[in-house]
Each structure stands twice: as structure tokens, then as C-alpha cells.
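In what follows, residues are counted from 1 in the order of the sequence shown. Just so it is clear, the values below take in all heavy atoms, side chains as well, and ignore hydrogens, waters and symmetry mates.
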Amino acid sequence: MLKKRNIYNTAVETFEISCFLFPVEKGDAESGSKKEVLAENVRSVVSFNGAAEGRVVISPSQALLDAMAANMLGIEDPKQAQKEEALCEVANIITGNIAPIFSNKDEICYIEPPKLIEASDAIVREQRMTKESVRIYLDAGEADIEVYYQIDEEQ
């Protein structure tokens with residue numbers, strides 16, 4: 001449960017600082033089912049390795065994706081490419097702050113560049129990986145964040 005709380009807090013702080021978007025209660029968000037959120041957009045995946053191995057998948061609602069790019073760039077009508085770049089940047093920041101949570105003995109985790117995948121693409125989880133998942137409700141929409149990880153116990 002501590003890891004979920006850390007993931008949630010890290011993501012919320014990133015959205016607040018980077019996108020000027022703030023957490024709200026579930027009932028106050030533009031909410032949809034997980035299936036609806038995943039069906040709407042592309043997702044960003046950032047892998048990490050080293051002291052821990054895994055990946056972070058961020059799936060924003062369309063409303064959140066629009067607001068992220070608009071707020072980060074200071075423009076009213078961002079293009080699709082700008083929305084995707086904003087998503088990748090936020091995913092990169094979140095992963096950079098989440099990966100150390102999973103490192104053993106303060107060893108280094110290496111972060112790979114973010115990738116975009118279609119919402120319909122399945123994320124394959126290796127059997128040995130653990131999954132933590134949180135949903136964040138923000139004033140402009142919501143995001144699902146899934147973290148798949150395996151900690152190297154031999155370090």
C-alpha cells in the first residue's frame with residue numbers, strides 16, 4: 001500500500017507542478033470507466049532498469065490530455081503532436097520520480113525514453129513482475145497509472 005501511495009503522490013505532484021492541474025474528489029472529475037479512459041487515447045510507456053526493472057504506463061482521458069498540453073505550452077488549442085509530447089514529458093517526469101521507490105539499497109535505476117502506444121495495444125506483463133495501479137482524478141479529467149516492476153533481490 002505504501003508503494004501505491006507513493007505513486008499517487010508523485011503523480012499528483014507532477015501534474016500540479018508541470019501542468020497546473022490539481023487533484024479533485026472522484027465525483028468532481030470528468031469521470032469515465034477504466035475501459036472508457038483507455039479507449040480514448042494513446043498511452044505513454046516509460047521503461048526503467050538497473051536496481052529495479054519495470055515500466056510505467058500512463059493513460060489519460062482525452063480531456064486531461066488536452067489540458068496537459070494547453071497548460072504546459074500556454075496555448076488554447078494544442079495539436080495532436082503537442083498533446084503527445086506533453087504526455088511523454090509528464091510520463092518521463094513521473095517515471096524518474098517513481099523508479100527510485102523500487103530500487104534496492106539506493107542503487108541506480110536507468111530510465112528509457114518514453115514511447116507512445118495506442119490505447120488498444122496490450123501491455124504485456126512478465127509473470128515475475130508485480131503490478132501497482134492508481135487512478136488520479138484531476139480538475140480536467142483523470143489518468144490511470146500502472147507500474148509493472150521486479151526488484152533485483154541480489155543487489
In terms of hydrophobic clustering (I, L, V, M, F, W, Y; side-chain heavy atoms under 4.5 Å; direct or indirect links), are Leu65 and Phe20 co-clustered?
no
Rounded to the nearest 0.5 Å, what separation is found between the CG atom of Asn97 and the CG atom of Asn92?
10.0 Å
Of Asp144, Val45, Val147, the one forming a side-chain contact (heavy atoms from CB on, under 4.5 Å) with Val57 is Val45
For Glu146 and Ser133 the tightest heavy-atom approach is CG-OG, 3.8 Å
Could you tell me which non-hydrogen atom of Val46 sits nearest to which non-hydrogen atom of Glu112, and how far apart they are?
CG1-O, 3.3 Å
On a heavy-atom basis, the closest approach of Cys88 and Pro114 is O-CG, 3.5 Å
For Glu142, does its backbone N or O pair with a side-chain atom of Ser61 as donor and acceptor, under 3.5 Å?
yes
I need the full list of salt bridge (Lys or Arg N to Asp or Glu O under 4.0 Å) pairs touching residues 86-96, with sequence neighbours left out, sorted by first then second residue.
none
Hey, are the side chains of Arg128 and Glu53 touching, using non-hydrogen atoms and a 4.5 Å cut-off?
yes
The complete set of salt bridge (Lys or Arg N to Asp or Glu O under 4.0 Å) pairs with one or both residues in residues 71-81, sequence neighbours excluded, reads none
Under the salt bridge (Lys or Arg N to Asp or Glu O under 4.0 Å) definition, can you give me all pairs with a residue in residues 56-66, not counting sequence neighbours?
Asp66-Lys83
Set of ring pair (Phe, Tyr, Trp, His ring centres under 6.0 Å) partners for Tyr149, sequence neighbours left out:
Phe102
To the nearest 0.5 angstrom, please state how far the CG atom of Leu64 sits from the CG atom of Asp139.
9.0 Å
Heavy-atom distance under 4.5 Å between the side chains of Ile145 and Tyr8, does that happen here?
no
Looking only at heavy atoms, which two atoms of Met72 and Val90 are closest? And how far apart?
SD-CG2, 3.8 Å
Do Ile93 and Ile58 share a hydrophobic cluster, counting only Ile, Leu, Val, Met, Phe, Trp and Tyr and linking them when any side-chain heavy atoms are less than 4.5 Å apart?
no
Give me the other members of the hydrophobic cluster that Ile75 sits in, counting Ile, Leu, Val, Met, Phe, Trp and Tyr linked by side-chain heavy atoms under 4.5 Å, directly or via other members.
Leu73
Please report the interatomic distance CG(Leu87) to CE(Met68), rounded to the nearest 0.5 Å.
5.0 Å
Phe48 side chain near Ile98 side chain, heavy-atom distance below 4.5 Å
no
For the residue pair Ala52 and Cys109, what are the closest heavy atoms and their distance?
N-SG, 3.7 Å
For a quick test of reading the model, state the closest non-hydrogen atom pair linking Ile94 to Thr10 and the distance between them.
O-CG2, 4.0 Å
For the atom pair OH (Tyr148) and CZ (Arg55), what is the distance rounded to the nearest 0.5 Å?
8.0 Å
If you count heavy atoms of other groups shown closer than 6.0 angstrom to CZ of Phe22, is the number above 12?
yes
Distance, nearest 0.5 Å, that separates CD of Gln80 from CD of Glu85:
10.5 Å
Qualifying residues under side-chain hydrogen bond (donor to acceptor under 3.5 Å, both in side chains), relative to Asn9, sequence neighbours excluded
none
Glu16 and Leu138, any side-chain heavy atoms less than 4.5 Å apart
no
